[in-house]
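All values below were derived from every heavy atom in this structure, side-chain atoms included, with hydrogens, water molecules and symmetry-related copies excluded. In what follows, chains carry the letters A, B, and so on, assigned in the order in which the sequence lines appear, proteins first and then strands, with residues in each chain numbered from 1.
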Amino acid sequence: MSDHPKIPAVSMRGITKRFGSVTANNHCSLDIQNGEILALLGENGSGKTTLMNMLAGLYYPDEGQIFLDGREVSINSPHDAFSLGIGMVHQHFKLVDVLTATENIILGIGEKGKLDLKAAAAKIRSICETYGFDLNPDQKIYDMSVSQKQTVEIVKVLYRGARILILDEPTAVLTPQETDRLFTIIHNMKDDGKAIVIITHKLNEVKRISDRVAILRKGECVGVYPTSEISIQEMTDRMVGHKVVLNIERPVPKTPPEQKIFIRNLTVVDEDGLTRLDHVSFYMNTSEILGVAGISGSGQKELLESIAGLQRVQSGSIEYKDDSGNLLELVGRDPLEIARLGITLSFVPEDRLGMGLVGDMDITDNIMLRSFRDGRSVFTNRRTPKKLAGKIVNDLDVKTPSLATPVRKLSGGNVQKVLVGREIASAPRVLLTAYAVRGLDINSAYQIYDLLNQQKERGVAVLYVGEDLDVLMALCDKIMVLAGGKLAGIVDPRVTTKEAIGLMMTGGAGKEEQKNG
Amino acid sequence: MAELSAEKTREPFIRIARRTGIHWYQSWGVRVVAVFLALVVNALFIHGVTGLNPVEVYRIMWTGTFESKYNFLTTLRDMSILYCVALALTPAFRMRFWNIGGEGQVLMGALASALLMIYGDQLPNGLLLPLMILCSAAFGAVWAFIPAWFKAKWNTNETLFTLMMNYVAINIVNALTNIWRGAKSSLGTLNTQTKAGWWPKFLGYRFMPFLLIVAALAILIKIYIHRSKHGYELSVLGDSPNTARYAGINVKKVILRTMILSGALCGLAGFGIVSGVDMTISSGTARGYGFTAIIVAWLAHLEPEYMALISFLLIFLDKGAAQITSAYSVLNDYASQVITAIILFFILGSEFFVNYRLVFRRRYPGMPAPASAAASAGVQTTDADRKEGARS
């Protein structure tokens with residue numbers, strides 16, 4: 001360990017990494033100091049994760065050198081990274097559900113001697129005490145909330161002696177309260193002299209927590225700035241490379257909202273007999289964006305899939321009012337039957353490649369997923385979808401080598417644009433979106449917000465399940481809060497506060513609000 | 001920490017990197033080199049073990065297919081049957097339904113034809129043959145439908161189920177041939193006098209019509225999987241069942257429909273064997289092609305045109321092995337199987353090098369690579385190669 005404060009904990013010099021013709025990182029140089037929090041910013045595909053993956057031993061750089069405490073190292077595997085004291089907490093947790101926190105933490109360490117779970121648990125407790133984690137080492141993972149699972153992941157890297165921590169979008173899945181707690185912990189770790197890198201898209205969080213900001217653009221490091229000397233607007237401009245207007249509009253629709261979908265006492269019980277949605281009742285209006293806030297796993301997925309006809313519903317009803325005022329029951333119908341009722345219902349599911357798109361198929365083939373049945377021929381018609389695909393790629397600025405590229409090979413933001421583009425292209429009356437901007441960079445996210453607002457102005461009933469409360473408050477006309485499958489209340493974002501919503505999300509608010517107005 | 005980092009400063013000697021944007025001539029180049037290397041290794045094996053001249057052994061292997069018109073046509077005949085089974089399995093595999101039951105489905109098809117030849121020999125061929133085709137397809141379809149139905153209904157494991165169905169089929173055929181053969185040691189050729197249920201000769205050969213049917217089938221399957229709505233549905237289902245549900249595709253219906261098609265085409269292959277080649281039935285009628293066809297289908301990346309090539313190659317190797325076994329007493333059946341296995345091994349291995357390349361340690365670390373692997377290989381780096389890693 002370096003005693004000399006001037007020598008950075010990590011120093012990356014001239015790092016280049018190519019994937020075929022794509023250069024993910026181009027001669028990137030970056031220093032990370034002990035006892036500092038460095039925020040790594042950049043658009044999707046700007047090479048943040050790739051750069052950090054090279055520190056974590058998942059990739060090996062094509063060119064360049066990495067120095068730890070001034071000594072050149074070669075990190076060939078995650079194991080090397082661990083033994084050098086580098087730990088990365090990935091966006092997607094890698095935990096074994098049926099094991100306890102302790103078992104997960106010591107998994108794969110391969111310490112010599114007898115397995116001593118008690119000693120391990122004691123060590124975990126002392127780590128928790130040092131930094132202020134709230135974790136029960138004997139709890140099974142499947143009993144844990146997302147935030148607790150994240151705690152396990154962080155404790156895991158600390159347990160292995162990491163002194164350089166990389167956190168990839170740690171707040172994406174947390175409530176404001178949980179984020180606060182995480183930030184306190186990160187500060188404690190910083191005070192302990194650890195070097196911390198945090199990758200995030202939320203710029204106000206960057207402002208709040210980091211000491212310095214490193215900005216990547218198209219694989220190149222465009223600059224490192226002390227956080228106190230750079231504004232959010234400047235950060236965005238440097239990330240994107242040009243001026244960006246940063247505000248979400250909430251236009252007043254030209255046509256007054258009308259009730260479109262009525263959901264009454266919707267109850268969903270999953271295969272394990274757990275109640276996922278518990279007598280949820282509300283309605284959706286045309287020309288309105290209804291936000292859904294809640295800790296992930298509070299029933300958002302089941303709610304959307306129930307409306308889309310993909311979820312077995314235990315009880316309750318979902319009725320759609322068609323143009324002549326008739327009420328059509330959607331429960332018990334599959335997506336095709338719903339479409340055949342003449343209801344154009346678009347759905348942007350949370351799992352883009354697992355449900356909304358076919359990863360191995362190209363953009364054209366994915367565009368025709370909804371419309372391939374059109375026409376009476378037994379053969380598929382690719383001409384129209386191809387034209388539409390070209391238009392979506394063009395209009396939404398999808399970065400792709402060609403229309404024939406499998407969508408699996410596109411970056412997250414571009415995958416999402418293809419999906420949203422297709423769903424909007426069918427001129428829906430109802431648009432359901434789940435985490436439509438998750439993992440998207442700021443530019444793409446604002447494009448999606450604009451698209452949603454356009455749909456609202458077209459008179460579409462939009463349901464927006466989101467995780468960033470700032471965005472929900474700015475974009476939505478109403479916000480519905482789900483807590484543990486129950487409706488915690490429906491609030492007006494113009495008059496309520498983030499904290500109030502956060503409290504409702506954890507089930508703290510009164511239950512009498514369940515019956516919504 | 002210090003001693004660790006000291007020993008870790010060297011780049012690994014060889015790394016594996018994914019190849020991107022490879023041209024067709026490069027990938028075929030890799031495969032040709034693989035076959036050549038296989039021949040070299042085999043030559044060492046042959047010479048080392050038997051002391052024979054490997055070139056001479058290869059020449060004899062070659063004659064298995066190319067010595068005479070008869071040999072060549074037998075190769076074509078067997079290839080067409082193998083090809084037919086591989087084509088039959090293709091729709092199921094594109095749906096990621098692991099139909100390991102091709103063997104049983106072929107055998108059930110063969111059984112249907114044999115039944116009609118035995119009990120329907122009074123019928124005129126003009127009626128008997130179409131009836132045999134229909135019944136063979138139906139028997140094969142039923143044999144494939146059973147596991148598909150269980151899969152659609154209760155999500156049973158189709159791999160085990162279809163595999164087990166093979167043994168049921170084999171034993172049904174065993175039981176029936178035991179009854180039919182009576183006191184004879186085997187069933188023998190059926191209807192030698194009346195030739196009922198025998199394919200008429202075409203261009204002088206009895207299997208020729210079947211060959212043409214298979215060729216037509218290949219084109220139809222190619223169109224079916226790439227151009228039809230059915231083909232689109234089963235590709236979506238194969239990639240992601242959830243996306244299929246989302247797109248309003250009836251998952252159960254597609255599973256059943258595709259497996260009925262797959263089984264029916266297997267049954268057709270069974271008909272081809274009984275009516276055009278064997279004129280009899282035994283538990284070995286399917287020749288293991290139900291399994292070999294799996295290799296054919298996957299080696300060809302489930303594309304019908306490459307399957308023709310692969311099935312020809314496999315039959316060529318098979319004939320060659322038989323030829324050297326009869327020509328040399330020292331190269332028995334086992335030795336020729338080793339030779340075939342080595343060639344297959346290299347072909348399979350070459351797929352790795354088509355997809356990946358090895359990156360050797362550069363001499364001067366820190367210096368820009370003198371020629372990046374892509375450039376030195378002459379890759380016109382096409383764009384179809386953004387890798388997941390390029391995302392942030």
Side-chain angles (χ1 to χ4, degrees), chain A residues 1 18-22 24 42-50 53 59-60 62-65 68 71-76 80 83-85 216 308 310 334-336 339 347 349 351 353-361 365 369-370 372-373 378-380 401-402 404-405 408-412, chain B residues 1-2 4-12 15-22 223-224 226-233 235-251 359 362 365-369 372-374 379-392:
Chain A
M1 244 83 342
R18 295 185 199 88
F19 296 103
S21 65
V22 176
E43 288 192 277
N44 291 116
S46 60
K48 305 181 295 282
T49 306
T50 309
N53 279 343
Y59 294 134
Y60 194 87
D62 293 334
E63 289 169 32
Q65 295 148 287
L68 250 63
R71 203 188 306 270
E72 183 171 0
V73 293
S74 167
I75 307 167
N76 297 324
D80 286 0
S83 49
L84 292 168
L216 291 184
L310 292 164
D334 69 22
L336 194 59
F347 177 27
D351 188 358
L353 289 176
M355 181 172 254
L357 297 166
V358 185
D360 284 338
M361 287 188 172
D365 277 15
L369 191 65
R370 290 283 206 176
F372 75 94
R373 284 185 202 83
V378 295
F379 299 110
T380 48
S402 80
T405 307
R408 196 185 293 291
K409 294 195 171 178
L410 302 179
S411 78
Chain B
M1 206 71 58
L4 258 171
S5 44
E7 67 187 54
K8 293 281 182 193
T9 45
R10 299 187 76 191
E11 187 181 338
R15 288 186 286 128
I16 295 164
R18 209 177 163 81
R19 232 185 242 281
T20 46
I22 186 166
I223 294 171
Y224 183 77
H226 286 300
R227 288 280 165 258
S228 77
K229 288 177 181 173
H230 284 188
Y232 181 78
E233 285 185 328
S235 296
V236 171
L237 179 55
D239 193 282
S240 157
N242 266 333
T243 307
R245 278 190 336 118
Y246 167 90
I249 292 168
N250 187 335
V251 173
V359 181
R362 288 184 299 270
M367 291 280 287
S372 79
V379 179
Q380 295 274 314
T381 33
T382 53
D383 2 353
D385 41 69
R386 272 167 159 261
K387 224 214 123 183
E388 278 139 278
R391 298 182 197 159
S392 184

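Residue with the most contacts toward chain B among A:Asp334, A:Leu216, A:Asp365: A:Asp365 (heavy-atom pairs, distance under 4.5 Å). Interface summary for chain A: among B:Gly238, B:Ser240, B:Gly231, the most heavy-atom pairs under 4.5 angstrom belong to B:Ser240.
Of the two parts of A:Asp351, neither the backbone nor the side chain holds a non-hydrogen atom closer than 4.5 Å to a non-hydrogen atom of chain B.
Put simply, the side chain of B:Ser228 never gets that close to the backbone of A:Phe379: no donor and acceptor are under 3.5 Å apart.
Every residue two or more places apart in sequence or in another chain was checked for a side-chain hydrogen bond (donor to acceptor under 3.5 Å, both in side chains) with B:Tyr232, and none qualifies.
Residues B:Tyr246 and A:Pro335 approach most closely at O-CB, 3.8 Å, considering heavy atoms. Here the closest non-hydrogen pair linking A:Arg373 and B:Gly248 is NH2-O, 2.8 Å. Taking every heavy atom of both residues into account, B:Thr243 and A:Gly354 meet most closely at OG1-O, 3.3 Å.
How far NE2 of B:His230 is from OG1 of A:Thr380: 11.5 Å, rounded to the nearest 0.5 Å.
For the pairing with B:Val236, the side chain to side chain contact (heavy atoms under 4.5 Å, CB included) check across A:Val358, A:Leu357, A:Asp360 returns one residue only, A:Val358.
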